[in-house]
Amino acid sequence: MAKPEVKPKFTKERFSVGLDIGSQSIKAVKLRFTKDAVEFCAFEIDSAQLDLASLLKKVKQSFGIDLVNISVSGPATVIRYVNFPKMNKDELKQALKFEAQKHIPFSISEINLDGVILKDDLPDGKMLVLLAAVKKDIVSQRLKLLEEASLRPNLIDIDSVALINAFNFNYDAEESLKNKVVALLNIGAATSNLNIVENGMPRLSRDIHIAGSNLTKKIMDTLGLEFNNAEELKLNPDKVQAIAKSPAQVQASSTSLPAKQPDKINAIVDSVLVSLAAEIRTSFDYYESQSTSAVSKIFISGGGSKMSGLREALSAFLGIEVEIWDPLKQMVLPQNLDAQKLKEISSQLPVAIGLALRA
């Protein structure tokens, strides 16, 4: 089966907004689609600790659009890759509920369910189907939040699927990835999304509950810092002396850190990264037990991916090349955008971009 075309083609100009509501921040992206290109028009990033409805109203006013694509993730969502008897799309719709009961750990009555055929040419008259389920209560919460901000939902996706869409759009033409298996690791604040993609086709998706907040907490506990200071230190290890509560506290700590020694911060969070790497390796081993291929490279994104030394540490623990990928690689960037700021925060935008791409 030929891989589906990932680059949208439109005969007239259209706009789309992707809204990624995370546990720590809200990311919104506005894209413009023309006949030949996709233009990155605008973005917003705000703390989710503030009034969410007010933030979403701000996005609506700033973007001048009230129709948005949103997503969910975490324990209220499930993605499964299942072999079905070969059938057409209409037959699949009829069969979904019956087949899903075998694979989804929720009652069918409490979920919204969907599925898509990924490959229809498996041996023995089978086809590969992506099953996606989301608990109705989390969907209702998101819809209520949009209603309070006078926004309308165009579609509801799952973070992992949006992430894959953004990656495929930007890296589909990459010759070095042809016929390769790669992993996409999006490290958020509370959850990390791991996806294994085989020649552009998703084959495994799971949420790992080791993420950026675990790294921050480890620094907090070790150095006795407040959350904001530990978060700053995670991203800028050279600021050890500047953000400590007091020089005396650092002096008294058994993990006392001289200035300008980022390696010391990396050593503090090593135990967290070892646990994250172990979860990733377990997923790789499962995939590779079902396939003749092996994961050749890991592409990371998300706010947690910005931690100094994280890429190198994961690469060392897993023995696989790790790279931060660019979700803007194939997009047109207007001159009026702050290019430097966009570069600094672009790793936090893949899910919002993947949502907006579903125009």
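Since we're looking at a predicted model, the values are computed, not measured. Residue numbers run from 1 in the order of the sequence given. Atom set for the values below is all heavy atoms of this structure, side chains included, hydrogens, waters and symmetry mates excluded.
In terms of heavy atoms, M201 sits closest to L118 at CE-O, 3.4 Å. Of all the heavy atoms in A28 and L19, the pair that sits closest is CB-CD1, 3.9 Å. Contact detail for C41 and P334: the closest heavy-atom pair is O-CG, 4.4 Å. The minimum heavy-atom distance linking P202 with I164 is given by the pair CB-CD1, 3.6 Å. Of all heavy-atom pairs spanning N69 and A356, the tightest one is ND2-CA, 4.3 Å. Here the closest non-hydrogen pair linking S296 and V182 is OG-CG1, 4.3 Å.
For D66 and R152, the salt-bridge test passes: some basic side-chain N is under 4.0 Å from an acidic carboxylate O. Salt-bridge formation is not detected for the pair E323/R311: no Lys NZ or Arg NE/NH1/NH2 atom is positioned less than 4.0 Å from an Asp or Glu carboxylate oxygen. At a threshold of 4.0 Å, the pair K180-E198 does not count as salt-bridged, since none of the basic side-chain nitrogens sits closer than that to a carboxylate oxygen. With salt bridges taken as basic N to acidic carboxylate O contacts below 4.0 Å, none links K136 and E110. A salt bridge links E231 with K234: the closest approach of a Lys/Arg side-chain nitrogen to an acidic carboxylate oxygen falls below 4.0 angstrom.
A donor-acceptor pair under 3.5 Å is absent between the side-chain atoms of D46 and the main chain of I26, judged by distance alone. In this structure a side-chain-to-backbone donor-acceptor pair under 3.5 Å is present from N170 to P327. Between the side chain of S346 and the backbone N or O of K343, at least one donor-acceptor pair lies under 3.5 Å. Side chain of N168 to backbone of G200: a donor-acceptor contact under 3.5 angstrom is found. Under the 3.5 Å distance criterion, the side-chain polar atoms of E321 are left unmatched by any main-chain donor or acceptor of S315.
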- What's the verdict on side-chain contact (heavy atoms from CB on, under 4.5 Å) for I210 and L215, showing C-alpha distance, side-chain angles and the deciding distance? CA-CA 8 Å; I210 302 172; L215 299 169; over 6 Å; no

Q.
One pair to check against salt bridge (Lys or Arg N to Asp or Glu O under 4.0 Å): E279 and R206. What are the steps and the verdict?
A. CA-CA 10 Å; E279 291 288 340; R206 65 171 293 214; 2.9 Å; yes

Problem set entry | Verdict with reasoning, T77 to D207, per side-chain contact (heavy atoms from CB on, under 4.5 Å) | CA-CA 9 Å; T77 67; D207 288 339; 4.0 Å; yes

Original post:
Does the side-chain contact (heavy atoms from CB on, under 4.5 Å) test come out yes or no for F40 and L349, once each step is laid out?
Top reply: CA-CA 11 Å; F40 187 95; L349 300 179; 3.9 Å; yes

Query raised in the report: Are L276 and F317 close enough, and set up right, to give a side-chain contact (heavy atoms from CB on, under 4.5 Å), and what steps lead you there?
Result: CA-CA 10 Å; L276 176 59; F317 292 145; over 6 Å; no

Please step through side-chain hydrogen bond (donor to acceptor under 3.5 Å, both in side chains) for the pair S291 and R203, ending with a clear verdict. CA-CA 10 Å; S291 173; R203 297 303 303 268; over 6 Å; no

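Separating the CG atom in L273 from the CD1 atom in I268 is a distance of 12.0 Å, to the nearest 0.5 Å. A distance of 9.5 Å separates OG of S308 from CD1 of I265, quoted to the nearest 0.5 Å. Distance check, rounded to the nearest 0.5 Å: CD of E312 to CG of N266 gives 8.0 Å. Rounding to the nearest 0.5 angstrom, the gap separating the CD1 atom in I65 from the CG atom in N154 is 9.0 Å. In this structure, CD1 in I280 is found 10.0 Å from CD1 in I196, a value given to the nearest 0.5 Å. In this structure, the separation between CG on N199 and CG on N179 is 5.0 Å, given to the nearest 0.5 Å.
For the residue pair T216 and K218, no side-chain donor N or O sits within less than 3.5 Å of a side-chain acceptor on the partner. No donor-acceptor contact under 3.5 angstrom links the side chains of R358 and S16, judged on distance only. Under the 3.5 Å distance criterion, with hydrogens and angles disregarded, no donor-acceptor pair is assigned to the side chains of S71 and D157. If you check the side chains of E39 and T34, you find no donor sitting under 3.5 Å from an acceptor.
Two residues are said to be in side-chain contact when any heavy atoms from C-beta on lie closer than 4.5 Å; I156 and R142 fail this criterion. Residues N193 and L185 form no side-chain contact, since every pair of their non-hydrogen atoms from C-beta on lies 4.5 Å or further apart. The closest side-chain heavy-atom distance from N195 to L163 is below 4.5 Å. The closest side-chain heavy-atom distance from L67 to V17 is not below 4.5 Å. The side-chain heavy atoms of D20 and V29, taken from C-beta on, include no pair separated by under 4.5 Å. Considering only heavy atoms from C-beta on, S305 comes within 4.5 Å of S347 through its side chain. Residues I45 and Q348 meet the side-chain proximity criterion, which asks for heavy atoms closer than 4.5 Å. When side chains are defined from C-beta on, V72 does not count as touching V139, because their heavy atoms never get closer than 4.5 Å.
A continuous path of ILVMFWY side-chain contacts below 4.5 Å connects Y81 to L122, so both sit in one hydrophobic cluster. Each of F227 and V269 belongs to its own hydrophobic cluster when Ile, Leu, Val, Met, Phe, Trp and Tyr are linked at side-chain heavy-atom distances under 4.5 angstrom. When hydrophobic clusters are built by joining Ile, Leu, Val, Met, Phe, Trp and Tyr residues whose side-chain heavy atoms come closer than 4.5 Å, directly or via intermediates, L233 is not grouped with M220.
Around the CG atom of D338, the shell of radius 6.0 Å holds more than 12 heavy atoms that belong to other residues, nucleotides or ligands. The local environment of CD in E147 is sparse, with at most 12 non-hydrogen atoms from other residues, nucleotides or ligands closer than 6.0 Å. More than 12 non-hydrogen atoms from other residues, nucleotides or ligands lie less than 6.0 angstrom from CD of Q290.
Here ring pair (Phe, Tyr, Trp, His ring centres under 6.0 Å) pairs that include residues 280-300, with residues two or more places apart or in two chains, are F167-F299, Y171-F299.
Each of K57, K30, K27, K58 was compared with E44 under the salt bridge (Lys or Arg N to Asp or Glu O under 4.0 Å) criterion, and only K58 meets it.
In this structure, K126 is not positioned above the aromatic face of F84 in the sense of NZ or CZ being under 6.0 Å from the six-membered ring centre and within 45° of the axis.
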